[in-house]
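Only one structure is covered here, and it is reproduced in the block below.
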Amino acid sequence: MKMNHGKKTSNRSKLSANSAAEENASICCQKYKNGLCDNCLSCMAIRSVALSGSTECIKKENDRAREELEKKQAEKLRETVALLKSKVPYYSRLLKDIEVDDIQSIRDIEKLPFTTKEDLRCNYPFGLFAVPKEKLARIHASSGTTGKPTVVGYTSGDIGRWAEMIAQELEAVGVTKEDTVQVAYGYGLFTGGLGFHYGVEKLGATVVPMSTGNTAKQLQLMQDFGTTVLACTPSYALHLAEAGKDQGIDFHKLPIRIGIFGAEPWTEEMRQEIEKAYGIKAYDIYGLSEIIGPGVGCECSQRQGLHINEDHYIAEIIDPETGAALDYGQSGELVLTSIAKEAMPLLRYRTKDITTLYRGRCSCGSLNVRMDRVTGRSDDMLIIKGVNVFPSQIESVIMSMPKLLPHYNIVVSKKGKLDELLVQVEAELSCDDGAIAADKLRRNIMSITGIAAEVRLLPPKTLPRSQGKISRVADLRQAP
């Protein structure tokens, strides 16, 4: 993860010999205000570039940095296993045949059991907490719309580390103390708003705690307060852009320059749509409440994937059906283990999010493992006529057609024994142009998914808008 601090004079003279290293030196570990540290992955990468012109030497230094990080991760993993065995009865039972010394490297993580959302619900409300209630500083929870909510606890130390993670990620995409950050994620039990809020304050920027909704007020304050950074879901960013256009607002004339969007899957095509609407750079951030909230991973300015905060988490990719571990570069379900959380560390939490992990040094200088943007969820995958289809595939097709608006929904139903796929999209087209666009969309969906879909083009503002996470899929096949 990119981080920022000053540099010792002795290091500065060496770094100036290499312009790339000089640039990357500004993104180093902010805990070391007076120079490059000995342990930070980014510092090691910077030092290797600055002090050696040899590709082989750089690779050896990078390998050494990874090895040192993984040793520290293994040590933290052992401490986490010891804590859970002694403090959490549920994990004590699961880990009864596993000794702490069985964990010699992070590859031994496969010896540990998975944790699922159902485990959190079965231990509702505080069964997975590793500290007594009097040591909790905060409790967050899901809405619980499909059953008991999932409850997550934080110590004051957890909240402090969370704020530091967000602050470092904000800095990595170019946010500074001079920025005004409008946080339009939900506040309250949802982790998004407060997670961002404390990170902005930790960085020293100005936070506007708008929360979700009240679109007219959002637009007014964006103009009146001179918002330079917008943080919300990508679907709400599109809704704000549409509402602002209706009011005659030219976002390109406003000081807004950065958008940080997450909490739901979104495609590269949607990123381009948002950037075009606002005239900004849009960045992807990833997190989930069960682990901590936003900040588990985030893009840097290079946008070559989301850097995982490996000082705090171990990331794996597994086959969502078998649970078998997959190699770097293979797509599968993301699994996360907390190794620095005090109140409620989780072992091998199955996120259900589909992505890919990569190793190797980013152009920013970091060697942290990176993840692709989430393409969907394993439990959101649609099986239509025997074919696996992710909603993001259909979104990519829609967003690639400039005459269609970025507002759509997908309806799956049955006609007799056969699956039917309906895609409804808003468009500003005449009847003739609409018929041509609908036919093209139908052919493109067939090309990408292999499914023959019915396509309906709708007038603008027909479909409902979302102020938070949006649901675009209705599967009616299981409806009573």
Side-chain angles (χ1 to χ4, degrees), residues 73-74 76-81 83-85 87-95 98 103 106-131 139-142 144 146-154 158 161-162 165 190-192 195 262-263 265 285-297 306 308-326 332-357 369 371 374 376-380:
Q73 286 182 312
K76 288 183 176 180
L77 180 59
R78 285 192 291 272
E79 293 172 355
T80 298
V81 169
L83 173 67
L84 293 173
K85 281 175 69 75
K87 299 295 184 181
V88 182
Y90 174 74
Y91 276 121
S92 296
R93 294 190 297 272
L94 285 182
L95 300 171
I98 297 175
I103 309 300
I106 62 169
R107 276 154 285 284
D108 291 326
I109 199 169
E110 293 180 31
K111 299 176 182 178
L112 302 176
F114 291 115
T115 306
T116 67
K117 180 169 285 192
E118 188 59 29
D119 294 327
L120 272 67
R121 287 177 174 148
C122 289
N123 287 278
Y124 175 87
F126 307 138
L128 293 182
F129 286 6
V131 297
I139 297 173
H140 281 286
S142 70
T146 58
K148 288 182 179 178
T150 55
V151 179
V152 187
Y154 304 76
D158 291 333
R161 284 183 289 275
W162 188 14
M165 281 190 288
F190 177 63
T191 55
I285 190 168
Y286 176 79
L288 61 166
S289 296
E290 295 89 340
I291 295 296
I292 196 164
V296 173
L306 289 80
I308 298 290
N309 259 303
E310 291 194 276
D311 287 340
H312 300 266
Y313 311 105
I314 297 173
E316 307 170 76
I317 292 290
I318 64 167
D319 184 312
E321 294 185 5
T322 67
L326 298 178
E333 180 184 344
L334 179 65
V335 173
L336 292 167
T337 295
S338 315
I339 54 173
K341 190 121 184 265
E342 294 173 340
M344 189 179 151
L346 297 180
L347 294 179
R348 305 191 78 195
Y349 183 75
R350 296 191 60 166
T351 68
K352 300 291 186 182
D353 291 324
I354 302 299
T355 186
T356 306
L357 295 178
V369 165
M371 62 179 275
V374 172
R377 291 179 54 81
S378 60
D379 51 1
D380 283 347

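Distance alone, capped at 3.5 Å, is enough to place a donor-acceptor pair between the Glu310 side chain and the Val369 backbone. Distance alone, capped at 3.5 Å, places no donor-acceptor pair between the Thr351 side chain and the Val335 backbone. A distance-only check finds a donor-acceptor pair linking the side chain of Asp319 to the backbone of Thr322 [under 3.5 Å]. Judged by distance alone, with hydrogens and angles left aside, the side-chain atoms of Lys117 form no donor-acceptor pair with the main-chain N or O of Glu290 at under 3.5 Å. The main-chain N or O of Met165 is never found under 3.5 Å from a side-chain atom of Asn309 such that the two would form a donor-acceptor pair.
Rounding to the nearest 0.5 Å places CG of Leu83 at 15.0 Å from CZ of Arg78. The CD atom of Glu316 sits 11.5 Å away from atom CZ of Arg107, with the distance rounded to the nearest 0.5 Å. Rounding to the nearest 0.5 Å places CD1 of Ile139 at 4.0 Å from CZ of Phe126. Atom CG in Leu347 sits 8.5 Å away from atom CD1 in Ile98 (nearest 0.5 Å). A distance of 4.5 Å separates CG in Leu77 from CD1 in Ile314, rounded to the nearest 0.5 Å. How far OG1 of Thr150 is from OH of Tyr124: 10.5 Å, rounded to the nearest 0.5 Å.
Within a 6.0 Å sphere centred on NZ of Lys111, heavy atoms belonging to other residues, nucleotides or ligands number more than 12.
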### Task
In sequence, state the C-alpha distance, the side-chain angles, and the governing distance for Thr115 and Arg348, and then conclude on side-chain contact (heavy atoms from CB on, under 4.5 Å).
CA-CA 6 Å; Thr115 306; Arg348 305 191 78 195; 5.6 Å; no

### Message
Could you go through Leu288 and Leu336, starting from their C-alpha distance and side-chain angles, then the distance that decides it, and tell me whether this counts as side-chain contact (heavy atoms from CB on, under 4.5 Å)?
### Response
CA-CA 10 Å; Leu288 61 166; Leu336 292 167; 3.8 Å; yes

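Looking at Lys76 and Asp311, their side chains come closer than 4.5 Å, going by heavy atoms from C-beta outward. Side chains of Asp353 and Pro265 form no contact here, defined as non-hydrogen atoms less than 4.5 Å apart. Using a 4.5 Å cut-off on side-chain heavy atoms (C-beta onward), Tyr91 and Leu346 make contact. Between Pro294 and Thr191 the shortest side-chain heavy-atom distance falls below 4.5 Å. The side-chain heavy atoms of Val151 and Asn123, taken from C-beta on, include no pair separated by under 4.5 Å. Between Leu306 and Val374 there is no side-chain heavy-atom pair separated by less than 4.5 Å. Under the 4.5 Å side-chain criterion, counting only non-hydrogen atoms from C-beta, Ser289 is not in contact with His140.
In this structure, the side chain to side chain contact (heavy atoms under 4.5 Å, CB included) partners of Ile317, at least two apart in sequence or on a different chain, are Leu326, Leu334, Thr355, Leu357. For Val152, the side chain to side chain contact (heavy atoms under 4.5 Å, CB included) partners two or more places apart in sequence, or in a different chain, are Tyr154, Lys341, Met344.
Across Leu84 and Ser92, no two heavy atoms sit closer than the pair O-OG, 3.7 Å. Looking at every heavy atom in both residues, Glu342 comes nearest to Ala130 through O-CB, 3.7 Å. Here the closest non-hydrogen pair linking Pro320 and Gly332 is CD-CA, 4.4 Å. Here the closest non-hydrogen pair linking Ile291 and Tyr313 is CG2-CE2, 3.2 Å. Residues Ile354 and Ser378 approach most closely at CG1-N, 3.7 Å, considering heavy atoms. Closest heavy-atom contact between Ala74 and Ile103: O-CG2, 4.4 Å.
No donor-acceptor contact under 3.5 angstrom links the side chains of Ser338 and Tyr349, judged on distance only.
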